[in-house]
Q: 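Once you've had a glance at the structure underneath, I'll fire off some questions.
Values in this document were obtained by computation on a predicted structure and should not be read as measured data.
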Amino acid sequence: MAGARTKNRTKKRLRMRAGPTAVAAAVCALAATAAFVLPTGGAPAQGPPARAGAPAAPAPGAPAPEAAAREAAAPQQCTDPEASLRPSGGTDGPAVQRIKARGRLIAGVDQNSYRWGYRNPADGELSGFDIDLVRAVAKDILGDPGKVTYLAIPTSRRISALQTGKVDIIARTMTITCDRVRQVAFSTAYFESGQQVMVPKGSPVTAFDDSLKGKKVCTSEGSTAEIKVREEPHGSSLLTVPNQLDCLVRLQLGEVDAIVNDRALGAGQAAQDPSVQLVGKPFTTEPYGVAMNLADTDLVRRVNKVLEDYRGGGAASLWMKAYEKWLAADLKGITAPPAPKYRD
């Protein structure tokens, strides 16, 4: 009963501070704190089985069976984390065979990032730039863009979801970094953004600088934004939450003074809630990549092939069409996708 009263008070406060779109998204975000299945288009509501054909543990002293694959996927020295494996659409490797045998691609996504991965209120379906990319991968591998089982994965659990085989890919505005390429494999970059500060309109905070002194800043746990704020707090205190939209809830409730987040995500939040705005300039470079298990090198190459096709065609490319559909209204002036980088 007390929980119900608290929830009702929260909804009332949200209605007072934000428009109806932001309220609906914010209340939804309060419950989105764990990974769960998001069935769409008749997708079965079940988690993935263990990786088929997984080898037994090696004998003491013997090399790990997937060591060669991991070595190929993770560079020994990280000087350019965006450099990925060259595309291939030839003979299917074990990861692609696993997906074909299952008959579905299992993708870790967000359902709370407006324009990127969110529930479309018009039809209840997952929509956005990242979702279109997942559908393109499913179409290439399985011949049907609808053969996807979506799992909503919090920011802090993206890497573990790949390492444990819960998902085949993560397409969730995930920045490629040197630390992460040692843990998971990435495609080439499919979008480039940068960290920026978001505050309520009228806030004295003006940028990622000493105007944050004495302020409480929110970031999503496990994000590159969290790392940056811990490195350079500018006199602020830090609150971390499972998902980036949870920060918008805290900002609307007055529990934090500012959010540090990718500009691309912040622009979507500002479009949802006109009472907030981005301030200052982006102060980092954030290349987004599709993430996969380190052992799934054949899948990395296959996804890179999909991205080559996705970028092809200039202004008529599938990438530009997705940009115009989902992002151009809030992120103006982008004329082309990032150029791919390869290391082999």
Side-chain angles (χ1 to χ4, degrees), residues 69-93 95-96 99 105 107-109 116 128-141 145 158 162 168-194 224 262-264 282 284-328 331 333-344:
R70 289 195 177 92
E71 184 175 352
Q76 296 301 300
Q77 293 184 340
C78 183
T79 56
D80 189 358
E82 295 174 59
S84 185
L85 302 176
R86 288 196 176 276
S88 173
T91 304
D92 295 338
V96 175
I99 294 167
L105 174 71
V109 298
W116 291 90
F129 191 89
D130 281 342
I131 304 304
D132 280 4
L133 182 53
V134 169
R135 290 170 60 83
V137 174
K139 182 178 180 180
D140 185 83
I141 295 176
R158 293 177 297 189
L162 289 166
D168 300 309
I169 65 173
I170 292 281
R172 196 187 181 286
T173 58
M174 189 169 180
T175 302
I176 306 168
T177 69
C178 282
D179 180 60
R180 288 173 177 169
V181 298
R182 298 184 182 97
Q183 303 174 77
V184 296
F186 281 97
S187 70
T188 54
Y190 66 85
F191 197 84
E192 191 170 279
S193 183
T224 51
D262 288 6
R263 171 176 176 259
T284 65
T285 299
E286 306 285 329
Y288 298 162
V290 179
M292 289 151 278
N293 189 285
L294 276 176
D296 292 347
T297 53
D298 62 309
L299 182 57
V300 176
R301 295 186 187 276
R302 187 64 171 264
V303 170
N304 281 339
K305 171 189 173 293
V306 174
L307 286 172
E308 286 284 328
D309 296 339
Y310 209 63
R311 298 184 191 99
S317 68
L318 293 174
W319 191 97
M320 284 303 299
K321 290 179 180 178
Y323 164 72
E324 291 291 342
K325 179 179 180 181
W326 299 113
L327 308 177
L331 295 168
I334 298 175
T335 58
K341 298 180 181 180
Y342 299 110
R343 66 171 184 269
D344 65 345

Q: CZ of Phe186 to CE of Met174: how many Å apart, nearest 0.5 Å?
A: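 Here the interatomic distance stands at 4.0 Å.
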Q: When rounded to the nearest 0.5 angstrom, what is the spacing between CH2 in Trp326 and CG in Asp132?
A: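 Trp326 atom CH2 to Asp132 atom CG measures 6.0 Å (nearest 0.5 Å).
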Q: Rounded to the nearest 0.5 Å, how far does CG of Asn293 lie from CD1 of Ile169?
A: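 Going from CD1 on Ile169 over to CG on Asn293, the span is 13.0 Å.
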Q: With a 4.5 Å cut-off on side-chain heavy atoms, are Thr335 and Tyr323 touching?
A: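 No - every pair of side-chain heavy atoms lies 4.5 Å or more apart.
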Q: Determine whether the side chains of Thr175 and Glu286 contain a donor N or O and an acceptor N or O closer than 3.5 Å.
A: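 The criterion, which ignores hydrogens and geometry beyond distance, is satisfied for Glu286 and Thr175.
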Q: With sequence neighbours left out, write down each residue that passes side-chain contact (heavy atoms from CB on, under 4.5 Å) with Ala136, or none if nothing qualifies.
A: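 Ala136: side-chain contact (heavy atoms from CB on, under 4.5 Å) contacts with Val306, Tyr310.
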Q: So Trp319 and Phe129, would you call those rings parallel, tilted or perpendicular, with 30° and 60° as cut-offs?
A: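 Trp319 vs Phe129 ring planes: perpendicular.
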Q: Are Cys78 and Val181 close enough that some pair of their side-chain heavy atoms sits under 4.5 Å apart?
A: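 Yes; the side chains approach each other to less than 4.5 Å.
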Q: Please report the interatomic distance OH(Tyr190) to CG(Leu307), rounded to the nearest 0.5 Å.
A: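 Going from OH on Tyr190 over to CG on Leu307, the span is 9.0 Å.
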Q: With a cut-off of 6.0 Å (strictly less than), are more than 12 heavy atoms of other residues, nucleotides or ligands near NZ of Lys139?
A: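 No.
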Q: How far does CG of Leu162 sit from CD of Gln183, to the nearest 0.5 angstrom?
A: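 The CD atom of Gln183 is 10.5 Å from CG of Leu162, to the nearest 0.5 Å.
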Q: Looking at Arg301 and Asp344, is any side-chain nitrogen of the basic one under 4.0 Å from a carboxylate oxygen of the acidic one?
A: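 The answer is yes: the pair qualifies as a salt bridge.
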Q: Do Asn304 and Ser84 pair up side chain to side chain, a donor and an acceptor below 3.5 Å, judged on atom types alone?
A: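 Distance-only check passes for Asn304 and Ser84.
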Q: Are the side chains of Pro340 and Arg311 in touch, meaning some heavy atoms are under 4.5 Å apart?
A: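 SC-SC contact between Pro340 and Arg311 confirmed.
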Q: Under 4.0 Å between a side-chain nitrogen and a carboxylate oxygen: does that hold for Asp80 and Arg343?
A: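 No salt bridge links Asp80 with Arg343.
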Q: Side-chain contact, heavy-atom cut-off 4.5 Å: Glu192 with Ile334?
A: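 With C-beta onward as the side chain, the pair stays apart.
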Q: Less than 4.0 Å between a side-chain N and a carboxylate O, is that true for Arg302 and Asp298?
A: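 Salt bridge absent between Asp298 and Arg302.
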Q: What I'd like to find out is whether the side chain of Ser187 reaches to under 4.5 Å of the side chain of Met292, using heavy atoms alone.
A: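 With C-beta onward as the side chain, the pair touches.
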Q: Go through the steps for Thr224 and Arg180 under the test side chain to side chain contact (heavy atoms under 4.5 Å, CB included), then give the verdict.
A: CA-CA 10 Å; Thr224 51; Arg180 288 173 177 169; 3.8 Å; yes
Q: Between Arg172 and Asp130, is the closest basic N to carboxylate O distance under 4.0 Å?
A: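 No, no charged N to carboxylate O under 4.0 Å.
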Q: For Ala264, is there any backbone N or O sitting under 3.5 Å from a side-chain donor or acceptor partner on Asp262?
A: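 Side chain of Asp262 to backbone of Ala264: no pair is present.
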Q: Taking atom CG of Leu327 and atom CE of Met320, what is their separation to the nearest 0.5 Å?
A: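 So the CG of Leu327 and the CE of Met320 are separated by 10.0 Å.
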Q: Below 4.5 Å, heavy atoms only, C-beta onward: do Leu105 and Val137 meet side chain to side chain?
A: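 A side-chain contact exists here, since the closest heavy-atom pair is under 4.5 Å.
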